[in-house]
**Student:** 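Sharing a structure with you now.
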There are 2 protein chains.
Amino acid sequence: MPRRVDHGERRAEIAEALVRAAGRLGLHAVGMRDVAAEAGVSLRLVQYYFESKEKLLLFGLRHLAARFGERVSARVAAAGPDPGPRAVIEALLAAALPVDAESRTFHHLYTSYAVLSVTDEALAAQPFIKDPDAAEATVAALLRRAADAGQLAPGTDPAPAAAGLLALSAGLGTSVLVGQRTAESATEVLTYHLDRVFRPAVGTG
Amino acid sequence: MPRRVDHGERRAEIAEALVRAAGRLGLHAVGMRDVAAEAGVSLRLVQYYFESKEKLLLFGLRHLAARFGERVSARVAAAGPDPGPRAVIEALLAAALPVDAESRTFHHLYTSYAVLSVTDEALAAQPFIKDPDAAEATVAALLRRAADAGQLAPGTDPAPAAAGLLALSAGLGTSVLVGQRTAESATEVLTYHLDRVFRPAVGTG
DNA sequence: ATTTTCGTGATACGAACGTACCACAATAAT
DNA sequence: ATTATTGTGGTACGTTCGTATCACGAAAAT
């Protein structure tokens, strides 16, 4: 055989090519040949590492979700050591906003996959329910922590507040994506709503 | 010539067939032949009334937006004679939530078009910026009216609050669409946030 | 050293798509 | 009555897509 190659690594490279090509052409318009050209390999190789387009797309979605998770984690880590609930939530939600090319592509493709999942059973299963549920649980837990520390506005119910913040962030992201709103404006709206959930910090200034 | 036919009416019928077929198959998967079959006409007729698929899709989007506008107006009108700001806003936002088959299709296709508009210049122009901007202005104006009447929670800024409510509604709609959240749960979250914007009514009970 | 297996290339195939073309009947215009 | 125009059907064309097939070199395995 020719030199053994790491299948996982190769599949990741091709998946990244899929993401890049789909970000440029739109997920609906990207074909196996586009992915091959973007990855700099032959059509046959894309077929070889992914038997069918459907499997390529599924892998691409998981790859995208994983990369997004890493991005969020990095943002949260960048919020400093032992950050408060608000800092974590802010990092979490801000990471989802399409403020640069990478996050724009994330939002664009994730929404594309979400739309596809409405009519495609194979796509409907995985990361459109579990991941957002986990994110919502995380934010809700952080809000409860903040409530215990007396950092929340009075009468705040962590569960619907968490659901609202995530839906707000997603909705703002879409409006940025279609050009209705600038990234700065979306960030301001997000900050406004965080300010209304969190009671202003006291005693530090 | 054969009996003259109302082109506008015929185009509307075909556009409805497009909406139905796209709701079933997904906008990305619907073809001229599917639309023709759904409308019960020949492929040639779809070509005749819309010269190209692109024009059919554009008309379909405008048709969808118009129908959605009518639906919202009907909901607002159903809120009763001279409804207060909260009732109008509630009707407005609730109309956007995918709670039944029709609104589900609306949300599904509107999001599909929005995703397409990211990579399709012809689609990017019209109803993704103007309509939501108008909706946001309407809600903001209603909030200002409510603020003047002392019906808002203290410190509420109508502009970001309006933007937030619309983004919230859109985000909740998407989460319902992909099956992460039930329509009832989305309605509850929406009501929770309206309750936090509007100060409870006094003196009426 | 031979055989097997793995990675890679080129290309062919059948289906589906959007569009173009041809034909014709029905009616309005002359 | 003839002519021109409009609505409609059928169908063929060229392209593109996902997939399948054939071929072959290179390195493990024997």
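Letters A, B, ... mirror the listed sequences (proteins, then strands); counts begin at 1.
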**Student:** Any side-chain N or O of B/Y48 under 4.0 Å from OP1/OP2 of D/dT8?
**Tutor:** no

**Student:** Determine: side-chain N/O of A/H7 to OP1/OP2 of C/dG7, distance under 4.0 Å, yes or no.
**Tutor:** yes

**Student:** Between A/D120 and A/K53, does at least one N-O distance fall below 4.0 Å, as a salt bridge requires?
**Tutor:** no

**Student:** Can you give one letter per nucleotide of nucleotides 14-19 of chain C, 5' to 3': B if a protein heavy atom sits under 4.0 Å from the base, S if only from the sugar-phosphate, - if neither?
**Tutor:** ---BBB

**Student:** Side-chain N or O of B/Y49 versus OP1/OP2 of D/dT8: is the shortest distance under 4.0 Å?
**Tutor:** yes

**Student:** So, does B/R44 get its side chain near the phosphate of D/dT6, meaning an N or O under 4.0 Å from OP1 or OP2?
**Tutor:** no

**Student:** Could you check whether the rings of B/H7 and B/Y49 sit parallel, tilted or perpendicular, using 30° and 60° as the cut-offs?
**Tutor:** perpendicular

**Student:** If you measure from the Lys or Arg side-chain nitrogens to the Asp or Glu carboxylate oxygens, is any gap between A/R86 and A/D195 under 4.0 Å?
**Tutor:** yes

**Student:** Under 3.5 Å, is there a donor-acceptor pair between the side chain of A/S117 and the main chain of A/A114?
**Tutor:** yes

**Student:** Less than 4.0 angstrom between a side-chain N/O of A/R10 and OP1 or OP2 of C/dT8, yes or no?
**Tutor:** yes

**Student:** If I take atom CG in residue A/L45 and atom C1' in nucleotide C/dA10, what distance separates them, rounded to the nearest angstrom?
**Tutor:** 12 Å

**Student:** How is B/F50 classified with respect to the nucleic acid when contacts are heavy atoms under 4.0 Å: base, sugar-phosphate, or nothing?
**Tutor:** nothing

**Student:** Measure from the side chain of B/S42, starting at C-beta and using heavy atoms only, and say which of D/dT6, D/dG9, C/dT8 lies closest.
**Tutor:** D/dG9

**Student:** Between atom CG in A/D6 and atom C1' in C/dC6, what is the gap in whole Å?
**Tutor:** 14 Å

**Student:** Without swapping roles, check the side chain of B/Y192 against the backbone of A/D157 for a donor-acceptor pair under 3.5 Å.
**Tutor:** yes

**Student:** Between C/dT4 atom P and A/R4 atom CZ, what is the distance in whole Å?
**Tutor:** 17 Å

**Student:** Is the positively charged end of A/R71 above the ring of A/F106, judged by distance under 6.0 angstrom from the centroid and angle within 45° of the axis?
**Tutor:** no

